[in-house]
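Please read the structure below before turning to the comments.
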Amino acid sequence: MSAVWRASRGAVRRRKLQTTVIGLVVFGCTVTVVLALSVLAVTTAPFDDAFGKQRGAHVVASFDAATTTPAQLADTAHRPGVRAAAGPFAETTLEMPGDWLGYAPGSITVVGRADPGGPVDQVTLRAGRWATAPGEIVIESNDFPGRDLNVKITPKGLPPLTVVGYAASMSQSARGWVAPEEMAALHPTAYQMLYRFSSAGTDQQLHASLATATAGLPDGALTSAQTYLTLKQQFSAGADSFLPLLTAFGVLGLVIAVLLVGNVVSSAVVAGFRHIGVLKAIGFTPRQVVAVYLGMLLVPALVGAVLGSLVGAVLAVPFMKVAFGGISTGTADVSHPALWAPLSCVVGMPVLVALAALVPALRAGRLSATRAITAGSAPRAGRGLRVQRALSGSRLPRAVSLGLGQPFARPARTALTMAAIVLGVTAVTLATGLSSTIIAAGTSGSPPVGTGVEVDLGQAADHNQQEPKLSPAEIEARLRALPGTELLTRRYLTLVGMTGYSQSVYADFYGGDDWQREARVTVGRPPTGPDEVVAGPAFLAQHGLHLGDRITLELAGRRLPVAIVGEPLEGNAGVVTSNWQTALDLAPQHRVNSYEVRIASGTDSAAYVKAVRAIDPGLYPSVQEPSGATAPTVSVIGFTTVFSILLGSVAALGVFNTVLLNVRERRRELGMLKSIGMTPRQVTAMTVTSVAGLGLASAVIGVPFGILVHRVIVEHIPIMVFSESMKDVWHAPELIGLALAGVGIAVLGALVPARGAARLPIAEALRTE
Amino acid sequence: MTTDHKLTTVSPPGATTSRGDAVVRLAGVQKEYGDTKALDGLELEIRAGEAVAVMGPSGCGKSTMLNLVAGLDRATAGTVEVHGQDLGALDETALALFRRRHIGMIFQFFNLIDDLPALDNVALAAQLTGVSARQARRRALELLDELGVADRKDAYPAVLSGGQRQRIAVARALMNRPALLLADEPTGALDSRSGEQVMDLLIDLNQIGQTLLIVTHDPQLAHRCASRLVEVADGRVARETMLETPK
Ligand SMILES: Nc1ncnc2c1ncn2[C@@H]1O[C@H](COP(=O)(O)OP(=O)(O)OP(=O)(O)O)[C@@H](O)[C@H]1O
Ligand SMILES: [Mg+2]
């Protein structure tokens with residue numbers, strides 16, 4: 001084997017550049033694949049992981065305390081089909097006033113539990129400790145760990161409670177927990193049971209299991225039941241919306257990587273045919289020849305795969321932060337990407353390289369020595385020759401027509417290179433389209449000019465603020481009278497109940513000037529009439545509702561049926577938006593939380609803010625950045641950009657490799673062309689056009705393909721509905737730019753070897769035989 | 001024995017060079033490759049219309065000298081003047097244009113493009129200078145005709161005999177009416193019959209005024225084609241012999 005090893009080492013050393021390129025391509029592809037796999041892993045598993053770890057409740061059930069006893073409920077734990085149960089826990093609803101801990105006012109569910117553990121719903125403490133003494137409460141906080149501890153909150157009509165901890169429950173069993181002894185003071189009205197069932201795969205199974213468990217309880221005892229499937233859908237709505245997108249890029253990355261590695265490796269073997277002939281002539285067996293070539297390729301492949309996996313694993317951390325920046329992930333962890341992705345690449349990439357090399361290497365091993373030495377000088381396929389002939393007779397400058405003909409000399413290599421450029425162009429097209437759509441969507445709500453000033457009204461519950469002394473009507477009149485005020489919108493945000501659903505939702509009411517803009521309706525119409533609301537696709541999906549359905553909102557004992565008349569672009573899954581008239585109908589005692597003021601351009605915003613403060617010390621104005629970029633916007637643009645840059649450069653690297661091999665194979669031809677007077681500029685032109693044509697052809701395929709993929713994705717993002725104008729983002733300049741991207745990728749890859757070809761010393765090129 | 005054809009299309013450039021003027025002037029030429037001195041103070045002058053054969057042992061610097069004259073490489077020291085032009089003063093592009101206009105080259109291994117038929121291989125030389133495809137093909141066909149290979153115009157190099165390939169290479173070298181035709185072992189890869197045909201072609205070309213510089217190992221070729229024999233050893237001219245004017 002030592003002769004084989006020595007020959008491999010020699011081959012690597014003599015082909016430094018090619019070896020480097022193979023290493024680089026494998027490196028770039030490995031990074032791409034690691035990122036793609038990490039993202040794909042997270043988009044599928046995190047809810048199940050976190051839910052499993054907490055032994056989450058399949059069903060969170062509430063029972064009326066007036067009709068059932070704790071003993072009856074405890075019995076349900078032993079019914080057939082119940083694998084585990086916790087409870088009964090006393091449950092109550094607290095009315096939270098004003099702004100509490102940064103949340104909007106409204107009613108919350110609080111449960112009495114002695115400890116966060118147990119057989120079901122093992123709540124994770126994220127800060128502080130569990131509530132053990134009277135007057136203490138732990139607040140559910142999935143998204144923001146580590147808020148202020150030991151602050152006091154005061155439910156309506158009750159003494160204040162001290163927040164001693166924050167906890168996350170993937171089952172979302174309550175908004176707050178207190179010690180069981182404290183519960184009596186809070187006047188419980190219900191009992192909570194947490195169940196895990198043996199049959200819990202579908203909604204139907206869950207309802208059947210629950211029916212079996214609660215059979216025999218008095219009618220109307222079960223007041224609400226929340227299944228984990230709803231939560232899962234709600235949780236993954238955020239991640240799901242990006243799933244089609246991430247999948248598209250992940251798959252593109254994988255395919256490009258495989259194509260390029262195959263191309264680079266197999267053409268290295270084909271380019272080595274002469275060398276193979278020499279090896280055989282000096283007595284290497286076919287098997288040894290195959291071994292030499294595998295050895296020669298696996299060295300750079302291993303180095304590239306190991307380095308690529310390392311860099312990919314390191315990059316995955318910030319990359320995931322960008323990719324999931326705008327998505328609520330609860331206790332699920334995206335900051336530690338799966339290790340199996342880089343690890344499998346360390347093994348998988350060299351295997352891929354070996355497979356790609358094996359086919360041509362085996363062929364080479366079987367070639368006779370003389371055939372191998374003369375390979376490449378035989379006349380080639382007829383179609384290619386006919387094209388060359390037509391090009392010779394064309395009116396194009398000869399250097400250009402020679403270049404255009406080159407791809408036809410090696411159809412297989414050309415096809416693989418072109419496939420890589422096509423996918424590179426597809427990636428760039430997709431990224432451009434998505435960014436345009438997201439930007440169009442992001443700016444759809446904001447007027448084109450002017451600065452916004454948000455004026456918050458001070459909350460009594462907040463120790464750092466004071467309530468305004470003036471009435472809302474007076475404040476509004478004074479704000480309107482300020483010089484520079486153009487438009488004024490008032491807002492009232494409150495938690496409300498929804499008849500037939502256990503989770504409360506936010507109702508977001510707008511009034512004043514231009515309030516419809518805030519609703520950002522893309523499908524249906526804005527909620528202009530009384531008792532009309534709009535709700536986003538995530539809200540509708542999660543509550544099993546459709547455009548046109550009616551729901552009933554509840555607030556402080558009042559019920560108001562409303563109609564869903566439209567869908568905003570990107571509704572939060574827990575928000576309905578409506579107009580001021582509806583606010584008056586539902587909550588006559590409503591108040592204003594804030595005003596949004598659009599000030600005339602040219603107005604000094606600092607002076608304006610000062611003037612607002614002067615109206616009433618209870619007003620807290622702040623200047624809004626005039627940017628439509630929301631967190632998901634940034635993350636979509638961020639990772640599509642990262643991916644398209646990666647894929648574009650890997651594709652360019654593939655072109656680089658192809659041109660490098662072509663130039664090497666055509667050394668003598670180049671020497672001859674230069675000897676008969678081809679200038680360096682003509683050589684460069686010829687070499688660049690040899691792939692620029694491919695680039696253009698690839699763009700012709702890749703751009704429409706990218707447009708198609710873009711269309712499929714924007715129509716299948718579950719939590720966003722885009723209007724037609726947001727989906728149709730293609731204009732002539734963009735399309736031309738994208739076509740140029742294909743040419744750009746090709747030219748970029750060709751430039752360095754082209755310059756090398758132009759500088760090729762002629763005498764030496766002609767000498768090599 | 002000459003070919004039956006009259007070489008009318010192959011008129012050598014008379015405009016700027018008249019018979020007797022120096023076409024090549026090498027003075028004190030040195031060429032080093034690292035530690036190897038390929039040429040070491042070589043002196044040589046070739047006049048218009050001459051046919052000069054260069055001989056010498058392997059590795060003595062014959063090909064190196066030819067490459068310098070063709071402007072394919074640069075001398076380490078000394079002057080290389082061709083057609084009144086100091087090649088050392090030209091940049092790469094100017095050298096390419098110089099080769100295009102004034103130099104025709106033929107090689108031991110032909111160096112034809114495999115993907116192009118004979119006609120397009122020949123036409124290529126003119127097309128590079130911007131001549132239209134039609135015009136170039138017309139002149140290429142005339143040349144192929146005069147060199148006796150017009151019937152092979154559509155054949156690809158791989159199916160041609162060595163002698164036919166070399167004649168096509170000669171046609172390509174003559175496309176732009178070069179002042180100087182350079183040949184490095186033009187018969188080295190040919191059997192004796194094909195070799196003789198190529199020799200006859202070179203003699204005919206010289207007789208109508210084409211200046212020739214031929215590097216060869218073959219004394220017969222040197223004596224039949226050349227009017228002067230230059231023997232090179234260790235990178236310099238060791239001996240010059242005037243030969244009988246070729247028949
Ligand atoms: N590109 C190069 N790099 C290094 N050495 C070179 C190069 N070209 C030529 N030489 C060296 O210069 C010397 C002259 O070479 P050249 O090819 O001119 O010889 P030659 O007379 O043509 O020989 P032959 O009859 O074998 O063709 C040789 O020693 C050769 O090894
Ligand atoms: Mg030589």
Side-chain angles (χ1 to χ4, degrees), chain A residues 374-402 404-410 665-686 758-769, chain B residues 31 33 63-64 66-68 70-74 91-117 119-121 123-134 136-137 154-159 169 172-173 175-176 178 182 184:
Chain A
T374 55
S377 64
R380 287 179 281 261
R383 176 174 289 276
L385 295 179
R386 234 178 297 137
V387 173
Q388 305 279 11
R389 189 118 206 218
L391 284 168
S392 300
S394 76
R395 286 167 168 279
L396 292 169
R398 195 62 182 112
V400 171
S401 59
L402 277 174
L404 287 177
Q406 280 188 11
F408 296 94
R410 289 229 173 263
E665 281 176 9
R666 292 172 184 269
R667 255 175 93 84
R668 283 186 67 82
E669 186 178 307
L670 274 170
M672 180 278 291
L673 286 170
K674 294 178 85 167
S675 80
I676 64 171
M678 195 177 236
T679 62
R681 193 183 292 235
Q682 282 176 313
V683 174
T684 309
M686 175 177 75
R759 295 221 192 97
L760 185 74
I762 311 166
E764 215 164 305
L766 288 171
R767 236 165 66 96
T768 41
E769 177 44 43
Chain B
K31 177 69 187 177
Y33 294 105
S63 296
T64 304
L66 204 71
N67 289 340
L68 293 183
L72 300 181
D73 213 342
R74 291 171 187 279
D91 66 9
E92 286 304 311
T93 304
L95 270 180
L97 297 177
F98 164 81
R99 286 194 294 274
R100 205 185 259 185
R101 257 177 242 135
H102 304 301
I103 303 290
M105 273 200 100
I106 51 183
F107 308 90
Q108 181 175 359
F109 294 104
F110 329 120
N111 282 330
L112 298 174
I113 294 183
D114 298 324
D115 296 337
L116 296 179
L119 185 71
D120 286 339
N121 258 293
L124 182 67
Q127 284 180 289
L128 279 185
T129 69
V131 171
S132 78
R134 271 182 52 166
R137 279 178 173 170
D154 292 323
Y156 285 89
V159 302
R172 180 180 64 194
M175 265 307 265
N176 296 331
L182 304 173
D184 197 347

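Because the structure is a prediction, the values reported are computed rather than measured.
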Problem - B/Leu116 portion near chain A, given a 4.5 angstrom heavy-atom threshold - result: side chain
Exercise for the section: Output, in order, the C-alpha distance, side-chain angles, deciding distance and verdict of side-chain contact (heavy atoms from CB on, under 4.5 Å) for B/His102 and B/Asn176. Expected result: CA-CA 8 Å; B/His102 304 301; B/Asn176 296 331; over 6 Å; no
Exercise for the section: Go through the steps for B/Thr64 and B/Asp73 under the test side-chain contact (heavy atoms from CB on, under 4.5 Å), then give the verdict. Expected result: CA-CA 8 Å; B/Thr64 304; B/Asp73 213 342; 5.9 Å; no
Exercise for the section: Heavy atoms only, distances under 4.5 angstrom: which of B/Leu95, B/Leu112, B/Ile113 has the most pairs with chain A? Name it, please. Expected result: B/Ile113
Problem - Side chain / backbone / both / neither for A/Leu673 at chain B, heavy atoms under 4.5 Å - result: both
Exercise for the section: Go through A/Glu669 and B/Asp114 one step at a time and tell me if the side-chain contact (heavy atoms from CB on, under 4.5 Å) criterion holds. Expected result: CA-CA 9 Å; A/Glu669 186 178 307; B/Asp114 298 324; over 6 Å; no
Fill in the blank from the handout: Counting heavy-atom pairs under 4.5 angstrom with chain A, the leader among B/Leu68, B/Leu97, B/Asp154 is B/Asp154
Practice task
Could you pull out the closest heavy-atom pair between B/Arg137 and A/Arg389, with the gap in Å?
Solution key: NH2-O, 3.3 Å
Practice task
Check whether B/Arg134 gets within reach of chain A through its side chain, its backbone, both or neither, counting any heavy atom under 4.5 Å.
Solution key: neither
Practice task
Could you tell me which portion of B/Ala125 (side chain, backbone, both or neither) has an atom closer than 4.5 angstrom to a non-hydrogen atom of chain A?
Solution key: both
Handout entry: Pairwise side-chain contact, B/Leu72 with B/Ile103, heavy-atom cut-off 4.5 Å (strictly under)
Key = no
Problem - Toward chain A, the part of B/Asn111 with a non-hydrogen atom under 4.5 Å - result: both
Exercise for the section: Can you tell which part of A/Ser401 gets under 4.5 Å to a heavy atom of chain B, answering side chain, backbone, both or neither? Expected result: neither
Practice task
Please flag which part of B/Ser132 lies under 4.5 Å from any non-hydrogen atom of chain A: side chain, backbone, both or neither.
Solution key: neither
Handout entry: Closest-packed option against chain B by number of heavy-atom pairs under 4.5 Å, given A/Pro397, A/Gly405, A/Ser675
Key = A/Ser675
Handout entry: Which atoms of B/Phe107 approach chain A - backbone, side chain, both or neither, heavy atom under 4.5 Å
Key = side chain
Exercise for the section: Start with the C-alpha distance between B/Met175 and B/Thr129, add both sets of side-chain angles, then the distance that settles side-chain contact (heavy atoms from CB on, under 4.5 Å), and finish with yes or no. Expected result: CA-CA 11 Å; B/Met175 265 307 265; B/Thr129 69; over 6 Å; no
Completion exercise
Hits for side chain to side chain contact (heavy atoms under 4.5 Å, CB included) against A/Arg681, two or more places apart or cross-chain, chain-then-number order -> A/Thr679
Problem - Side-chain touch A/Met686/A/Gln406, heavy atoms, less than 4.5 angstrom - result: yes
Problem - Option in B/Met105, B/Arg172, B/Arg101 with maximal non-hydrogen atom pairs under 4.5 Å from chain A - result: B/Arg172
Completion exercise
Looking only at B/Val131, B/Asn67, B/Leu128, most heavy-atom pairs under 4.5 Å shared with chain A are made by B/Leu128
Practice task
Kindly write out the residues that satisfy side chain to side chain contact (heavy atoms under 4.5 Å, CB included) with B/Gln127, not counting sequence neighbours, or none if the list is empty.
Solution key: A/Arg398, B/Ala123, B/Ala133, B/Ala136
